[in-house]
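First listed ligand is number 1; within each ligand, the first listed atom is number 1.
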Amino acid sequence: MRRKYVAGNWKMNLTLSEGKALIEGVLAGLPGDCAVDLAVFPPFVYVHPLLGFLKGKLEIGAQNCYFEPSGAFTGEVSPVMLRDVGCHSVIIGHSERRHILGETNGVLKKKVVAALEAGLKVIYCVGEKLDEREAGRTEAVLHGQIHEVLGPDVSLERVTIAYEPVWAIGTGKTATGAQAQEAHAYIRREIGKLYGPGVAESLRIQYGGSVKASNARELMSQPDVDGALVGGASLKADEFVGIIKGAMAAQSGR
Ligand code: PGA
């Protein structure tokens, strides 16, 4: 059985002291029997200073990285550097990187490969925009985002995929459980074609897009939804803990 995985993407928010307080708040609210995997993804500059606050209960990751290990790339941060300071994981291909910062599938493939080579875990994000969904192109978009980035040359052992429909991110519009399940099942089928049924069955696929405490359990109860990548609601300790409890309830079928 796939263990649920709940991750908080802080985006470009919070001060360092607010970040510390948030982590302390989440740890204080965590049920003792928390049997789901947890991670937070603060801005780069807070990754190292926050490592000492995780109490072995949370992992920490970065929201992006470059694909070269070192060199003349002013302003970039390499996956080797992230690993060096103790970072566990990195988000690659978030829709804000794709659509605001112009990252293409070609660049994202290099980033996924480099991050895995450096020893990081990866959350690789995919998802369609509203006009693409309305034009009936959801599966075509997901197909490109999967097949142009993943494949037999990229091991999925340390990869989680996050399905984040762009129209649901930060909008308050959540995909229904059925919409999420349909997209997740499609992604798992495509992964099966690339890697075979065993890998597809063990791959975790998170849902992201306006996840909150009130909808977390329903979404994560879908058979192919293995966790959540949470933006806005991960900035409030009680809301994030509520989502974690939703994941626990979905996992135990309670
Ligand atoms: P949201 O963001 O939860 O604020 O919609 C999700 C994400 O962008 O990862």
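Counting non-hydrogen atoms of other residues, nucleotides and ligands closer than 6.0 Å to CD of E182 gives a total of 12 or fewer.
Ring geometry, F73 versus Y66: the interplanar angle falls from 30° to 60°, so the pair is classed tilted.
The side chain to side chain donor-acceptor pair (under 3.5 Å) pairs that include a residue from residues 40-62 are E59-K121, where partners are two or more places apart or lie in different chains. Pairs of residues two or more places apart, or lying in two chains, that qualify as ring pair (Phe, Tyr, Trp, His ring centres under 6.0 Å) and include a residue from residues 131-161 are H143-H147.
Take S78 and apply the side-chain contact (heavy atoms from CB on, under 4.5 Å) test, not counting sequence neighbours, and it matches V80, M81.
Listed by chain and number, N9, K11, H94, E164, A168, I169, G170, G209, S210, L229, V230, G231, G232 each place a non-hydrogen atom less than 4.0 angstrom from ligand 1.
Salt bridge K109/D153: present, at least one basic N to carboxylate O contact under 4.0 Å.
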